[in-house]
Each structure stands twice: as structure tokens, then as C-alpha cells.
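Beneath this line is the structure, given in C-alpha cells, with notes to follow.
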Amino acid sequence: MAIQKPGIPKGTRDFSPEEMVKRNYIFDSIRSVFRLYGYTPIETPAMENLTTLMGKYGEEGDRLIFKILPRGEKLNMDVIKPEEALRYDLTVPFARYVVQHQQDIAFPFRRYQIQPVWRADRPQKGRYREFYQCDADVIGSDSLLNELELILMIDQVFTKLKAPVCIKINNRKILSGIAEVIGEKEKIVDITVAIDKLDKIGADGVNKELREKQISEKAIEQLQPLIEFTGDTAAKLNLLKELLRTSEIGNKGIEELEYLFAHISNCELQIAKCELDITLARGLNYYTGAIIEVKATEGTFTSSICGGGRYDDLTGIFGLPNMSGVGISFGADRIYDVMTELNLFPQEVKASTTLLFAHFGEAERDHCLPLLAQTRKAGISAELYPDVVKIKKQLDYANKKGIPFVAVVGSDEMKEGVLTVKNMKDGSQMKLKIYELIDRLKA
RNA sequence: GCGGUCAUAGUUCAGUUGGUUAGAACGUCUGAUUGUGGUUCAGAAGGUCGUGGGUUCGAGCCCCAUUGAUCGCCCCA
């Protein structure tokens, strides 16, 4: 067979041991906060029935679902009908899970889930086709205290990671209210998607896009105060109260936001800044209340690193109505990118191995076996160089792997019943009995 | 799905208006040193110049196509 060039699918990555240490640091930090807040873990399969996923993420989302080729003797590529697909996020599989296992679940159900998801879109900076989401959701509770807890969890996670962030909060009911009062109720998605780009393309760009989407001039004019407005959260809420006074749903949204922000200001967030952002329009396909997005406030990384919101009826489509949920999702890969750029990973890059047994031959190597077992029994991670090669090569190996101590065993050591222990950092050596070595390494 | 940029050794990159045998650094391997790594010195291996076509006496370089990478748009963690 011809030699083939090795490679992996676009938008996917290998992770080296060094990278995995850092990735696990992120996962562990997030997981510990989830646990602290009483969330319990679940996992769901990498693949779901296609019908479970289709239609949940909008037209664009459907297109980005990785579909799995069905098995078949005679596969005709033109009439393939996939029945399964890789999961696109963790929220919809979770909704499916809740409906399927409702009789076993104690509601309100607080679950966390850390698994990869797949999206068939074009990779670019901070965008992968395989990436991990770390979700925490509580389902079966309408209380806004859940939203508050999610904000506190976000703050705590990024405090742990020492990553400065801004939590942007909006409410779908506000967006609905705005669309209602300007008389473009049906165009709510077009309007909010356009306003969402304010940061990127400016007021002129937003207005241009609104016109392209056939929004009436009168409606665009009514939107201007919102687009041009600058001020703090309290001022924004006052403006919204004025604008949305005729909209029942808009008022409900304002009420929710006031409640949430009042509680947030009582809690004193540690690292996160928190602000009302009426241009925030994520997850419109199923969010009905709060919308949350988190961005790093330093560095060049502008994509969101965490997002979430409330969905009132995600389980309805699977046959369990009136089950409100709210959750957040941390994008571990993007958090990794932000932390790499800002150099936020702690220095302690723990070596996997503390002690390497190096030897001068087969007899010496085998002499090490009981010593190796003793060392491991004492809880010290240790390994024995498995092949008979020059000592130089064994030391080189230890050096490259960052192993801090090497126990050298030759005929002299065997006779004396000692080990020549070399400190790889400063090159110093001393002869120690195995128990002396273990005591020193444990200390 | 749409647009820009790029593609040369394991890696990062040189390579003159198109001209003989495509270079460097780092890495790898061997030796100096058959009981000592991270420093030094000597040497070696390693390339169908992404792939396929075209122009030309002659292509790493020019043209077309294709694939891949990357950066934007759409959308999103």
C-alpha cells in the first residue's frame, strides 16, 4: 500500500500531554464549581437520532449538524437518508434525556455535562468542528434565582481561572417587546440579529442591514434611541421602561432584568463585570427569557467563551410541556485560547513522572523492579527505562520528559544496595537507600 | 454556502527577471565520552518544492484546475 500523509479532519485537533495538563486544569476548575453549586453529572451519546436534533437550532443550525451515513449494502449517494447525527450541543440532548427519564428525576433537576460537540461549519479563529462544552442547567424551576446562581458560577469559574470577563445579559422578552412596539413583531429575529452586530458594524451598518431585511423606515427610526444609547444598566432600564410601556411582554422582561440585576449587585462579583446589553441576541431559536453571554475583556479574542439562557419549553417538543429550564455553557476550547494568549496558566506544569530508574544492563534493570514497586506503593509516580540502552540516552529521555529525579543503578549500586540519585535540575548526585529516597521524595 | 491570503526537509522559514546539483536554523541520528542529560565540537540522514495539467529550450518561481491550511462573511462555544 502506498504511504499516506498523516492528517486529521479540518477543524479537529490532537492534544499533546502539555496541552492536556492545561485543558484538564480548565475542566477541573469548571467541574469543581458545578459540584459546589449542587449540580450532578450526566453523559449522553455522541450521536442522537437525527429527528431529535433537526429543527432545534434554526435553518442555519440544521445545516451544521454532522449527519451519519447509514449502513447499507447498496449505498446510493443521491438518495441517502441519514437517521443519526453527532450532537450539536448539550442542551437539546439534555432536554431529550429529561423527558426520557422524567420518572427517575427529582425536579428541579440540576445537571452538569462536559462532553464534545460537533458542528459542520468552516473552521476559523476560535471556531472548531469538534469542541467541548461544559454545561450546567437547572430544569423544572421558574425561579430567577437560578439565573442568579448561574451568574455567580460564571464569576467563580473565571475567578478561579483568573480570566477577566464581562457577562452580558439580555432578555428575550425585551427583544419581543421592542419588535412589538415598533410594529415588526414577525421580524424579531431579523431585527435582533442586525442589532446584535452593532459592536462590529456600527449604527450605520445595522440600519443598512435592517433596510435590507425590509424593516419599515418608521420602525428603524423608532429603534434609533436604542441603537445610539449609551449609559449604565440602570439608565438602560429606564429607557426601556419608557419605550416598552405599552408592551406587556416587554414589561415582563424589564421586571425580570431588574430583579436579576438587583440581586447581582448584592452579591459582589469577584472578577466578572456584569452589564445589560440589549443588543445581545443569541440562541433565539429556543431562549425565551434571560440571555447570557461572556466575553474576555483583555486580549484579542472577541468571540464569546460562555453562553446561556432560559428556555421555557424545550422539552415540550418531546412530550413534556411546561418544563422551564435555564443553563449556561462554557466553551472550554475558547477559554483555553484566551488563557494561552493572556498567559494565565499556572507555572506548575506537573511532570507525569517524579522518578526514573536508569540502568546499565539487563541484570541491573531487573534489579530495579522491586524498588520500582516500592516507590509506586509509596505514592510516588515512577517508571523504569524498559530497554537496555546507553545511560546517556536514558538521561536524555528523563530530561526531555521533565522528570526531576533519576535513580541510576549499575553493578556498584547493586553490590552496595543503594541508588545513585541524580537531581536533573542542578546535576547533583548522592547515594541513597531506597527508603531514604522515598522519604525524601515524599517530603 | 460566499470571499481574501498562503502551500518548499519532522518544524519555522530563505530561494534573485524563469537558468545547471533546492539552502539555513532548530529538531533527529551517530561519534568525541563502552558509568551520566540539559553546554560544546565533528559528521550523517532527511525533499516527487501540496496534487494534476499547461506555457517554455528550461518551472520551486508564470497560467489554469484541484486539495489542504489560514483569515473574514453568514451563523455560532
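In what follows, chains carry the letters A, B, and so on, assigned in the order in which the sequence lines appear, proteins first and then strands, with residues in each chain numbered from 1.
- Atom name P, nucleotides G52(B) and A9(B): the rounded distance is 16 Å, in whole Å.
- Not counting sequence neighbours, Glu180(A) has no partner by the salt bridge (Lys or Arg N to Asp or Glu O under 4.0 Å) test.
- Contact check of residues 299-318 of chain A against RNA chain B (heavy atom, cut-off under 4.0 Å) returns Ser304(A), Ile305(A), Cys306(A).
- Of the side-chain N and O atoms in Lys393(A), none sit less than 4.0 angstrom from OP1 or OP2 of U33(B).
- Taking atom P on both nucleotides, U51(B) is separated from A22(B) by 16 Å, rounded to a whole Å.
- Distance Asp190(A) CG to C75(B) C1': 13 Å, rounded to the nearest Å.
- Less than 4.0 Å separates RNA chain B from at least one heavy atom of each of the following residues of residues 331-342 of chain A: Gly331(A), Arg334(A).
- Taking atom C1' in both A42(B) and G47(B), one finds a spacing of 25 Å when rounded to whole Å.
- Nucleotides A65(B) and C2(B), compared at atom P, are 15 Å apart to the nearest Å.
- Listed by first and then second residue, the ring-ring contact (aromatic ring centres under 6.0 Å, His included) pairs that reach into residues 184-205 of chain A come to none, sequence neighbours excluded.
- Of the residues in residues 40-63 of chain A, those with a non-hydrogen atom less than 4.0 angstrom from any atom of RNA chain B are Glu60(A), Arg63(A).
- Within the structure, the salt bridge (charged side-chain N to carboxylate O under 4.0 Å, His left out) test picks out the following pairs touching residues 184-203 of chain A (sequence neighbours left out): Asp196(A)-Arg282(A), Lys197(A)-Glu209(A).
- The aromatic ring of Phe131(A) sits over the base of A77(B), with ring centres less than 5.5 Å apart and planes inclined by under 30°.
- Map Asp412(A) and Lys197(A) each onto its nearest nucleotide of RNA chain B; the residue landing nearer the 5' end is Asp412(A).
- Per the geometry, OH belonging to Tyr287(A) stands 17 Å off P belonging to C75(B), to the nearest Å.
- One P atom belongs to G4(B), the other to G46(B), and the distance between them is 40 Å to the nearest Å.
- Proximity of residues 416-432 of chain A to RNA chain B (heavy atom under 4.0 angstrom from any strand atom) is restricted to Thr420(A), Lys422(A), Met424(A), Lys425(A), Gly427(A), Gln429(A).
- Sorted by first then second residue, the salt bridge (charged side-chain N to carboxylate O under 4.0 Å, His left out) pairs that include residues 108-117 of chain A, not counting sequence neighbours, are Arg110(A)-Glu149(A), Arg111(A)-Asp137(A).
- Interface remark: the Asp396(A) side chain does not form any donor-acceptor pair with the G37(B) base, using a distance-only criterion of under 3.5 Å.
- Comparing U21(B) with G15(B), their C1' atoms sit 15 Å apart, to the nearest whole Å.
- Which of C29(B), U36(B), A77(B) sits closest to the side chain of Leu395(A) comes down to U36(B).
- Contacts between residues 156-171 of chain A and RNA chain B, counted as heavy-atom distances below 4.0 Å, involve no residue at all.
- Counting only Watson-Crick and G-U wobble pairs whose two key distances fall under 3.5 Å, RNA chain B forms stems of three or more stacked pairs at B:1-7 with B:67-73, B:10-13 with B:23-26, B:28-32 with B:40-44, B:50-54 with B:62-66.
- Salt-bridge check for Asp28(A) with Arg31(A): passed, with a basic side-chain N closer than 4.0 Å to an acidic carboxylate O.
- Look at the C1' atom in both A77(B) and G37(B): the space between them is 43 Å, to the nearest Å.
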Heavy atoms under 4.0 Å is the rule here; annotate nucleotides 66-72 of chain B 5' to 3' with B where the base is hit, S where only the sugar-phosphate is, and - elsewhere. ---S-SB
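- Between Lys392(A) atom NZ and U39(B) atom C1' the separation is 12 Å, expressed in whole Å.
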Using the side chain to side chain contact (heavy atoms under 4.5 Å, CB included) rule, take Arg119(A) and Asp89(A) through it: C-alpha gap first, then chi angles, then the decisive distance, then the call. CA-CA 9 Å; Arg119(A) 295 186 186 177; Asp89(A) 71 356; 3.9 Å; yes
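- Shown here are the salt bridge (Lys or Arg N to Asp or Glu O under 4.0 Å) partners of Arg35(A), two or more places apart in sequence or in another chain: there are none.
- Ion pairing between a basic and an acidic side chain is recognised when a charged N comes within 4.0 Å of a carboxylate O; Glu383(A) and Arg376(A) show no such pairing.
- Comparing the C1' positions of U17(B) and A25(B) gives a spacing of 29 Å, expressed to the nearest Å.
- In the interface, the side chain of Arg119(A) is paired with the base of A77(B) through a donor and an acceptor atom under 3.5 Å apart.
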